[in-house]
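One structure below.
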Amino acid sequence: MEVQELTITRREGTGKEVAKRLRREGLVPAVLYGVGAPQALTLRTLDVLKVIHGRGGSTTLLNLKFDDGGGGTRTAIIRDMQFDPVTEKVIHVDLQEVSMDRAITVGVPVFPQGEAEGVKEQAGILEMILREVQVSCLPGQIPERITVDVSALKIGDVITVSMLAPLEGVRILNDPGQAVVTVSPPMAEEVAAPAAAAPEAQPAEPEVLTERKPKPEEVEEKAEEKERKK
Amino acid sequence: MLMPKRVKYRKAQRGRMKGVAVRGSTLAFGDYGLKALEPGWVSNRQIEAARVSLARSLKRGGKIWIRVFPDKPVTKKPAETRMGKGKGNPEFWVAVVKPGRILYEMEGVTEVEARESFRLAGQKLGIATKCVTRTRG
């Protein structure tokens, strides 16, 4: 289990003004919780990106060191990260302090291994239904990833959570019957619609639930009026 | 073309498109996605045109998910009509898209194929888009 070092800075101010200023300076606001009172922190964005590069965030164990030297070393995991929906930059990090002798629940990414028979020979599509499984284990035993051998999968075959290779000291919390990966049949080729019918055909309007329907008495009255006029 | 089966009201007000998409801004199904970079209305014709473009460029190789649905009716007054006399008739349906919204997702293709397919599909839509990928190890 790899442990990475991360330097953290205590943050005095809170709120969006402070957070925006920090982001402009290449820093990212963070919070550390889990043991004791939550603590507002600041991290360097580049350091965070180095930690998460190529890994699921919560599977890396971090040794946190305060830049002022106080507070000693703390062990934590990245519990959550927020990204800007448009630029996809990191905007906030949640760090959870962990005790090495207490089991924690983390999400571990699942990766397919090999090329499925259904993809190679039948032109099927390998579909990852579950990309992350929740596991309970000691912080020192968090697997970096769980690999699934998909080479024997044909179209329609499914690998469920119960079929995943068991790891020592790791308990998978997902439903054992839950599908992880499957090979679906290739997309059916579209049949070209007749050229004349397609653009001109006006689609029917949807049913309107609040549309006022005339009462039966009103309908009768109208019919009577029409008859009188005649 | 996509449109609701039943609605509560036949006509809708225009509304505003402030802010960014909070929901539907991350990949949920596939490995690659087409993300909106600006706000706008995407009509059911545009959604269908982009879907056809994706399906054609992929042939039979991958799987596509559409992550937006046109549930807002847009009305129009007939040509050469004087103002007044009430709101026009519903003409087409649009999906209200905010920046950051994932419009389509794709799986079962290489990144190069996905990027090219999304480039072609993005040209069918009336808003700026970009291709995004899932960060994996």
Side-chain angles (χ1 to χ4, degrees), chain A residues 49 52-57 59-60 81-91 108-112 116 118-119 122-132 144-147 181-193 198-199 201-212, chain B residues 1-11 19-31 33 35-39 44-45 48 51-52 54-56 58-65 71 73 89-93 98-102 106-109 128 130 132-137:
Chain A
L49 294 178
I52 62 164
H53 182 71
R55 292 180 186 85
T59 60
T60 313
M81 289 181 77
Q82 290 174 24
F83 295 90
D84 184 281
V86 184
T87 61
E88 294 177 343
K89 287 180 181 166
V90 184
I91 55 173
V108 177
V110 182
F111 286 89
V119 175
Q122 297 167 297
I125 300 160
L126 187 76
E127 203 178 325
M128 291 297 295
I129 296 164
L130 197 65
R131 291 174 191 271
E132 197 178 83
E144 195 180 300
R145 55 169 63 189
I146 293 175
T147 49
V181 57
T182 182
V183 177
S184 50
M187 262 192 342
E189 274 186 70
E190 279 190 29
V191 181
Q202 275 291 330
E205 278 203 21
E207 179 194 348
V208 183
L209 296 175
T210 52
E211 201 170 37
R212 191 176 164 271
Chain B
M1 270 188 290
L2 290 172
M3 62 185 278
K5 281 200 182 78
R6 67 180 73 88
V7 290
K8 194 163 181 185
Y9 302 105
R10 221 174 127 235
K11 298 174 187 178
V20 293
V22 179
R23 305 176 79 173
S25 61
T26 54
L27 293 175
F29 303 103
D31 288 328
K35 181 170 263 201
L37 294 179
E38 58 186 18
N44 50 356
R45 273 171 187 265
E48 178 64 10
R51 186 196 67 77
V52 170
L54 285 176
R56 282 194 185 147
L58 290 181
K59 299 195 175 74
R60 296 180 57 170
K63 191 167 179 182
I64 302 164
W65 288 268
D71 59 352
N89 290 321
E91 289 292 319
F92 56 97
W93 295 83
K98 286 182 176 185
R101 179 83 192 197
I102 299 283
M106 200 189 284
E107 193 175 59
V109 291
K130 72 170 177 182
V132 291
T133 57
R134 194 180 284 275
T135 48
R136 307 198 68 170

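Chain letters run A, B, ... following the sequence lines, proteins first, then strands; residues in each count from 1.
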- Message: Could you measure the distance from the NZ atom of K130(B) to the OG1 atom of T87(A)? Nearest 0.5 Å is fine.
- Response: 7.0 Å
- Item | Proximity breakdown for E88(A) and chain B, heavy-atom pairs closer than 4.5 Å | side chain
- Non-hydrogen atoms of G100(B) and V86(A) that approach each other most closely: N-CG2, 3.8 Å
- Would you confirm whether R101(B), through its side chain, and P85(A), through its main-chain N or O, come within 3.5 Å as a donor-acceptor pair? no
- Measuring heavy-atom distances to chain A, does V22(B) have an atom under 4.5 Å in its side chain, in its backbone, in both, or in neither? neither
- Please round to the nearest 0.5 Å and tell me the distance separating atom CZ of R131(A) and atom CZ of F29(B). 10.5 Å
- Are more than 12 heavy atoms from other residues, nucleotides or ligands located less than 6.0 Å from atom NZ of K89(A)? no
- Closest approach of M128(A) and E107(B), non-hydrogen atoms and distance? N-OE2, 3.8 Å
- Please list, chain by chain and in numerical order, all residues satisfying salt bridge (charged side-chain N to carboxylate O under 4.0 Å, His left out) with K98(B), sequence neighbours excluded. none
- Item | Positive for side chain to side chain contact (heavy atoms under 4.5 Å, CB included) with P206(A), one of M3(B), K5(B), R10(B) | M3(B)
- Query: Based on non-hydrogen pairs under 4.5 Å, which of V7(B), L37(B), I102(B) is most in contact with chain A?
  - Reply: V7(B)
- Applying salt bridge (charged side-chain N to carboxylate O under 4.0 Å, His left out), name anything that partners R6(B), two or more places apart in sequence or on another chain. E207(A)
- Honestly, the part of V20(B) sitting under 4.5 Å from a heavy atom of chain A is side chain
- Query: Which residue out of P90(B), G30(B), P73(B) racks up the most heavy-atom pairs below 4.5 Å with chain A?
  - Reply: G30(B)
